[in-house]
2 protein chains.
Amino acid sequence: MAQQEPREGRLRPARRLTLAEDVYESIKTLVMDHILPPGERVNIDALARELDVSPTPVREALARLEADGLVRKRPLSGYTTTPLLSRAEFDDLFDVRQLLEGATAGRAATHASAEARERISAEAAASIDVEAGDGYRRHAAFTALDAKFHDLIAEVSGSPLLRDTITRLHSHLHLHRLYFPVAGAPDTNTEHQRIAAAIVAGDAAAATEAMRAHLSAARERHLPAFDQLPAPATPRDSA
Amino acid sequence: MAQQEPREGRLRPARRLTLAEDVYESIKTLVMDHILPPGERVNIDALARELDVSPTPVREALARLEADGLVRKRPLSGYTTTPLLSRAEFDDLFDVRQLLEGATAGRAATHASAEARERISAEAAASIDVEAGDGYRRHAAFTALDAKFHDLIAEVSGSPLLRDTITRLHSHLHLHRLYFPVAGAPDTNTEHQRIAAAIVAGDAAAATEAMRAHLSAARERHLPAFDQLPAPATPRDSA
DNA sequence: CAAAGCAACATCCTATAGGAAATAGGTTCC
DNA sequence: GGAACCTATTTCCTATAGGATGTTGCTTTG
């Protein structure tokens, strides 16, 4: 009622256009960064108080996040964050990524503009300066750069639908254990450059193969995360 | 307030668990059947009155539908149903379907249980009795059966993620012109049986190829729909 | 006659209140 | 001592009201 004036010190950034949109982005970040732990119950009212908004936009944002697969809704029991990926789900994710992203790399190699090839090449080269920094910042920067590279190839592939699908999959990847040390950053850069080179050369088969090899290697690099802790049981999964 | 008691004569079916869920299904049907024409504005209040609920669950349902791609939201202007697929988007959809569903067919052929192969074979054979009926009913039954067959293969493929992705794509297909005469129903059945045979035989390459050929043929059968009417301009698309 | 400006309208967006269901804890009975 | 039942609390779910914004139609002016 009387609190229409802008408030200071809020968790979310300056509002863009609609409040619900901001709330959506805020909650998405909370889930991605595991500030809301996977498999945990999400209290709508508490979240609304935390973000300093009414429960209504929170509810709308959660509905969208449910469609994105980041939270789940049990009919009369409330929302919960999606539990961590199991080993089987993780393997499934990378299988699908190989299929989809292998295709985007091939398509990009076949019909991409000269300007687009230039951008890809530049992006692969720019990956080097991420070596600076350390700890969480370094990990976040590396992850962001990797995502950008993959999205760039998807964009250039010329299939909006394929790109959307891959973007959606990437959300699921962030459900993986977060603070896992990225020892293989240099390897990743090398692999990215191999992919970029194949695309620039216009060799579709080589680009597809390079992408699949890259994802296969990335999968291997992530695997030790499953040995850290035994996957916590998620009794809530039972229908 | 005083209208908590169940009401008669409502548009939507008997409520399942939550009101928002029912509203979601109801609106989804309205969009799929083009009762809400593509590209049209969606009035939240009017829809709430029509469904005899308050605007709040309608808003929540629309948020989910937006994530599904069935409606779009322009920040301070309201929701609109997604416009009809353009020729380019239609081609893109079938390109992606070939990629994804070709993979599911191959996977199904490789590792499917004997029981699963039996189900697929039965489903392909059952497609024949859809010849009965006529007009809209026949079309709806045929579409449902086709969707079921494709989903069955996706299920058997053993990749939940792949199956979800394909299901999502199918929603987009329904954005295509609806009342298009399905002249090629017999052809569809023949193609389905070819796919089923390859899967039963365990020939992954043949299954993939049969699926791709089927989708290619289906695409051709749908193409004349674009000649019926010139695609209506959608001026609302401009940012 | 056309274009720009203004005003009224309709619509969306957010906040708050109240009822219903599910969960958790304690108690009692076997 | 364990299990089942009951009660209280918490939480979700729905409905309603009010403020802000975009849109549309009309009027006026060049």
Side-chain angles (χ1 to χ4, degrees), chain A residues 1-7 10-12 14-27 36 39-66 71-81 234-239, chain B residues 1-7 10-12 14-27 36 39-66 71-81 234-239:
Chain A
M1 279 302 193
Q3 45 184 0
Q4 294 295 87
E5 74 275 11
R7 289 169 295 268
R10 55 180 63 169
L11 261 91
R12 58 202 157 75
R15 62 178 301 176
R16 214 168 14 213
L17 276 88
T18 69
L19 196 52
E21 186 75 11
D22 290 338
V23 171
Y24 170 78
E25 292 294 341
S26 297
I27 300 179
L36 289 175
E40 195 117 324
R41 298 191 60 157
V42 177
N43 188 316
I44 295 181
D45 291 335
L47 207 53
R49 281 193 299 273
E50 187 80 6
L51 269 52
D52 199 13
V53 297
S54 79
T56 307
V58 173
R59 175 171 291 277
E60 185 170 336
L62 285 174
R64 289 183 54 189
L65 287 169
E66 186 195 10
V71 300
R72 292 177 182 178
K73 178 185 179 182
R74 210 167 33 161
L76 286 174
S77 171
Y79 286 93
T80 59
T81 49
T234 54
R236 296 188 185 83
D237 277 343
S238 58
Chain B
M1 280 311 189
Q3 45 185 0
Q4 295 295 86
E5 75 277 9
R7 289 168 294 269
R10 54 181 62 169
L11 260 90
R12 57 204 156 75
R15 61 177 301 178
R16 207 159 28 204
L17 276 91
T18 68
L19 196 53
E21 187 75 10
D22 290 338
V23 171
Y24 170 77
E25 292 295 340
S26 297
I27 300 180
L36 288 175
E40 195 117 323
R41 299 190 60 155
V42 177
N43 188 316
I44 294 182
D45 292 334
L47 207 53
R49 280 193 300 273
E50 188 79 7
L51 268 52
D52 200 12
V53 296
S54 81
T56 306
V58 173
R59 177 171 291 279
E60 186 170 337
L62 285 174
R64 288 183 55 191
L65 287 169
E66 186 195 10
V71 300
R72 294 178 181 176
K73 178 185 179 183
R74 208 167 35 160
L76 286 174
S77 172
Y79 287 93
T80 58
T81 49
T234 55
R236 295 188 185 83
D237 278 342
S238 57

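Since the structure is predicted, the reported quantities are computational estimates derived from the model, not experimental observations.
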> Does the side chain of B:Thr80 come within less than 4.5 Å of B:Val71's, by heavy atoms?
Replying inline: no
> Quick one: are A:Leu47 and A:Asn43 in side-chain contact, heavy atoms under 4.5 Å?
Replying inline: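 Sidechains of A:Asn43 and A:Leu47: no contact.
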Please give, in whole Å, the distance from [N] [atom2] to [X] [atom1]?
| X | N | atom1 | atom2 | result |
| --- | --- | --- | --- | --- |
| B:Glu66 | C:dC13 | CD | P | 10 Å |
| B:Leu19 | D:dA15 | CG | C1' | 11 Å |
| B:Leu51 | D:dT14 | CG | P | 13 Å |
| A:Asp52 | C:dA15 | CG | P | 8 Å |
| B:Leu47 | C:dC12 | CG | C1' | 14 Å |
| A:Arg41 | D:dT11 | CZ | C1' | 8 Å |
| A:Glu60 | C:dA15 | CD | P | 12 Å |
| B:Arg74 | C:dA10 | CZ | P | 19 Å |

> Do any side-chain nitrogens or oxygens of A:Arg59 fall under 4.0 Å of OP1 or OP2 in D:dC12?
Replying inline: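 Checking A:Arg59 against D:dC12: no side-chain N or O falls below 4.0 Å of OP1 or OP2.
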>> Under 4.0 Å from OP1 or OP2 of C:dT14: is there any side-chain N or O of A:Ser54 that close?
In response: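 The answer is no; no side-chain N or O of A:Ser54 sits under 4.0 Å from OP1 or OP2.
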Shortest non-hydrogen contact from [X] toward [Y]:
| X | Y | result |
| --- | --- | --- |
| B:Thr81 | B:Gly39 | OG1-N, 2.9 Å |
| B:Pro57 | B:Val23 | O-CG1, 4.1 Å |
| B:Arg64 | A:Ala63 | CG-O, 3.4 Å |

[X] side-chain proximity, nearest of [options]:
| X | options | result |
| --- | --- | --- |
| B:Asp45 | D:dA15, C:dT14, C:dC12 | C:dC12 |
| A:Pro55 | D:dC13, C:dT16, C:dC12 | C:dT16 |
| A:Lys73 | D:dT16, D:dC13, C:dT16 | D:dC13 |
| B:Ile44 | D:dC13, C:dC12, D:dT14 | C:dC12 |

>> For A:Arg59, give me all partners under salt bridge (charged side-chain N to carboxylate O under 4.0 Å, His left out), at least two apart in sequence or on another chain.
In response: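 A:Arg59 satisfies salt bridge (charged side-chain N to carboxylate O under 4.0 Å, His left out) with B:Glu60 only.
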> Using a cut-off of 4.0 Å on non-hydrogen atoms, how would the nucleic acid contact of A:Val42 be classed: base, sugar-phosphate, or nothing?
Replying inline: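 Here A:Val42 touches the backbone only, sparing every base.
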>> Rounded to the nearest 0.5 Å, what separates atom CD in A:Glu21 from atom CG in A:Leu19?
In response: 10.5 Å
>> Let me spell it out: for each of B:Gly78 and A:Pro57, pick the nucleotide of DNA chain C with the closest heavy atom. Which residue's pick is nearer the 5' end?
In response: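 Upstream on the strand: B:Gly78.
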Extract from the structure each pairing of a protein N or O with an N or O of nucleotides 8-10 of chain D at less than 3.5 Å, listing the distance.
none

